[in-house]
Amino acid sequence: MGNLLEAQSVSKNFGDFIALNDVSIAVEKGSIFGLLGPNGAGKTTLIRIINQITMPDKGHVLLDGEPLQRHHIQNIGYLPEERGLYKTMKVGEQALYLAQLKGLDKAEAKKRLLEWFERLEIGDWWNKKIQELSKGMAQKIQFVVTVLHQPKLLIFDEPFSGFDPINADIIKNEILRLREDGATVIFSTHRMESVEELCDHIALIHKSNKILDGNLNAIKRQYKSNTFEVGITTDNASELQRSLSEKFIVSPAEFKTLNNELKLNVKLSEKESANQLLNYLTTKGEVSHFLEVIPSASDIFIQAVKNN
Amino acid sequence: MNHLPLIIKREYITKVKNKAFIIMTFLSPLIMIGLFSLVAYLSQLNNTKEKNITVLDESGQIESIFTDKETVKYTILKNVTLENAKTIVEEQESYGLLYISDFKTTIDTINQDEKRSVDVAFYSTETPSITIISALESKVKEHLKEINLEKKGVDQLTIKNAEVDITISQENFTGEKTSEADSIVKLVFGGAAGYLLFMFIIIYGNMIMRSVIEEKTSRIIEVIISSVKPIQLMLGKIIGTTLAGITQFGIWIILGSVLMLGASLIFDIDFSQVNTPQQDLVTQAMQNPDGNVNMQLFISAFFNMPLANLIIAFILFFVSGYLLYSSLYAAIGAAVDNETDTQQFMLPVIMPLILAVYVGGFTVIEDPHGTVATVFSFIPFTSPVVMLMRIPFGVPIWQQILSLLILIGTFMFTIWMASKIYRVGILMYGKKPTYRELLKWIKY
């Protein structure tokens, strides 16, 4: 499968401030792409360039191999971080208006809206004004409006903010369902657990530069340190810890278990394998816990930003 | 995709369906007419109050002219000293005391050497109204003059016969007859057109600004501009709000006239009696020396105006002038986060507008083709108002076209500039921008 979206060497300055410096990303068709970075890194600027809200100073963006043009906005659904609705307008009228702006005709928009409202069980909101709804309720409407025109590319900036866990889960499942139906998703968030759950591929932007890019699992392999969490019950714990320290780099570990074992983090050198460690341990006592430490997206994020 | 009609429709419908808008539409004419009726009623009340003036004429020669009128009654005192008369008047609580001293019946008493050989004075508790004083003055003066003339052997009839009455008949070189009424009708129409534009800009410019701010504060703006170009949104907003404004103005005019008619029938108030400065001019002109009130003159004056030119120019200048200012209002709305921050930017927008109304009001009356009026009718920020005021007096077509071209050029520039500010401003939150930052936005 090819790439649905490619940003090639995109740069953008606002006066003296460099918002993006030569950033390239490639989003594979049908994938969920996590665009990560600390606040003010330039994520929103990149997203706005993709949405043709701002124009890049240098570089270009290709959608489906074509340079971005005005008509492409119909193929993109964008849920901005700073989002809201007209407070005094009724839910139904408003959703119809926004759908029409995305190029749907009124009858088709109404049909699809009613389907969505029914599935999310919000059908009785049609004639309510936005100001009568809670923030989470308004967010749901916004989500529906974003995806209603069935765009090829969906861009969600912090989609879960304002949702309680139940509704966040509903939205997460809807995003996965949309991907099943063939949509490609760019996903920008600070919530690393949702990155773990959803993203196939991530790019990390820090201080206007891309500092990390790739398949999430590949990045994790790259960032793992060959460290294992070990839990072992033995008669002479201090003796074991001393002899392990001679062979490996050892530090105390913290994890929850039922028994009072010796808990250690053991870092292997590149030459040693997990089996060698395990074999050694079994000769010393009862191994109840043995787990490779895989860096979380959050760890990678923090480490990559620190290193830079 | 052209979404402009869709945006215009939404802006129009949400404006027109807004409760505050509906209330304003129907309540304003009621309040206006109510106030107007009240003023008319009160001024009638004021006039109808009877005034008692006591006259002490020591000469005995003038008192005969003081005959009772509907609103003024005279009491003539005889054989009383001035001091006694004062006490009497004070006790009676009458309006005041007019005192005329004795004077010799010969002509030389009122000669140039002795400037005031007759004392005329008015004593009252409160400061008397200026109209009463001047009426009394001219009454006494006229009568004294007559007495003097008679002493010289000129009788009343001779004086009457000697009076000449002329009205200057006005005609332009193409042979069309004009009259004094013409100038007044032109002034009224020009002034009304200019003032209407002024009001329209202030009311609906503000409405546009508020609606831009609303989109910013409700954070919907980014959703919208990921679908449409900011300039489309801005133009849609301006046009939609303008249409709502025209609807409101239309209803005001219709409702206003109906209510005015109704009020004048029910409460029996004659609105033409409410004295406004313009109406004074009108009544003055109508009471020309012949005394025949000539409505005919005003009707023909109306048709003497370059009507076709007037209507076309009104539409063109109104629309361009309004667009010029409303784009500035939209830009201000985009630059700030809330209405309280708008003050700083409002002033430079309002200033030329007020200047236009004042310059138009003073110089056009003075001389519609004078240097100041002409120059201001070319400066784009004042030209719509001033030109509209000038046109009824006949402005050469080339001047109108030139002024309009300058105006259109300027509004294209301001719309371009406003759309730049708008494009950047709508995504900026937090800090209120400075003028320098605004300039930077335009350059982005």
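Proteins get letters first, then strands, A, B, ... in listed order; numbering begins at 1 in each.
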* To do: Any chance you could lay out the salt bridge (Lys or Arg N to Asp or Glu O under 4.0 Å) test for A/Glu93 and B/Lys17, step after step, and finish with the verdict?
  => CA-CA 13 Å; A/Glu93 275 175 10; B/Lys17 275 164 90 184; 3.3 Å; yes

* Evaluate the side-chain proximity of B/Arg10 to A/Met89: yes if any heavy-atom separation is below 4.5 Å, no if none is. => yes

* Asked: What is the distance from atom NZ of B/Lys229 to atom CD1 of A/Ile73, rounded to the nearest 0.5 Å?
  -> 9.0 Å

* **Min side-chain heavy-atom separation B/Ile224-A/Leu101 under 4.5 Å** => yes

* Asked: Would A/Gln100 and B/His3 count as a side chain to side chain contact (heavy atoms under 4.5 Å, CB included) if you check the C-alpha gap in whole Å, the side-chain angles of each, and the deciding distance to 0.1 Å?
  -> CA-CA 8 Å; A/Gln100 280 173 281; B/His3 295 303; over 6 Å; no

* Asked: Got a salt bridge between A/Glu82 and B/Lys216, using NZ or NE/NH1/NH2 to carboxylate O under 4.0 Å?
  -> no

* For B/Ile7, is it the side chain, the backbone, both, or neither that has a heavy atom closer than 4.5 Å to a heavy atom of chain A? -> both

* Asked: Taking it one step at a time, do B/Glu214 and A/Tyr86 satisfy side-chain hydrogen bond (donor to acceptor under 3.5 Å, both in side chains)?
  -> CA-CA 8 Å; B/Glu214 188 218 327; A/Tyr86 289 113; over 6 Å; no

* **B/Ser226 backbone acceptor or donor facing A/Lys102 side chain under 3.5 Å** => yes

* Evaluate whether atom OH of B/Tyr195 has more than 12 neighbouring non-hydrogen atoms of other residues, nucleotides or ligands under 6.0 angstrom away. => no

* Asked: Just wondering, do A/Pro80 and B/Val223 contact through their side chains at under 4.5 Å, heavy atoms?
  -> yes

* **Distance in Å, A/Ile53 CD1 paired with B/Arg423 CZ, rounded so as to fall on 0.5 Å steps** => 11.5 Å

* Structure fact -> Rounding to 0.5 Å, atoms NZ (A/Lys87) and CD (B/Glu215) come to a distance of 11.5 Å

* Asked: Is the number of heavy atoms from other residues, nucleotides or ligands under 6.0 Å of B/Met32 CE greater than 12?
  -> no

* Are the side chains of A/Tyr97 and B/Ile13 in touch, meaning some heavy atoms are under 4.5 Å apart? -> no

* Nearest-0.5 Å distance that lies between atom CD1 in B/Ile220 and atom CD in A/Gln142 -> 7.5 Å

* Compare every heavy atom of A/Arg70 with every heavy atom of B/Ile225, then report the nearest pair and how far apart it is. => O-NH2, 4.5 Å

* Against chain B, label A/Gln94 side chain, backbone, both or neither, depending on which of its atoms sit under 4.5 Å from a heavy atom there. => side chain

* Between OG of B/Ser227 and CD of A/Gln52, what distance do you get to the nearest 0.5 Å? -> 11.0 Å

* So with a 6.0 Å cut-off around CD of A/Glu66, is the heavy-atom count from everything else above 12? -> yes

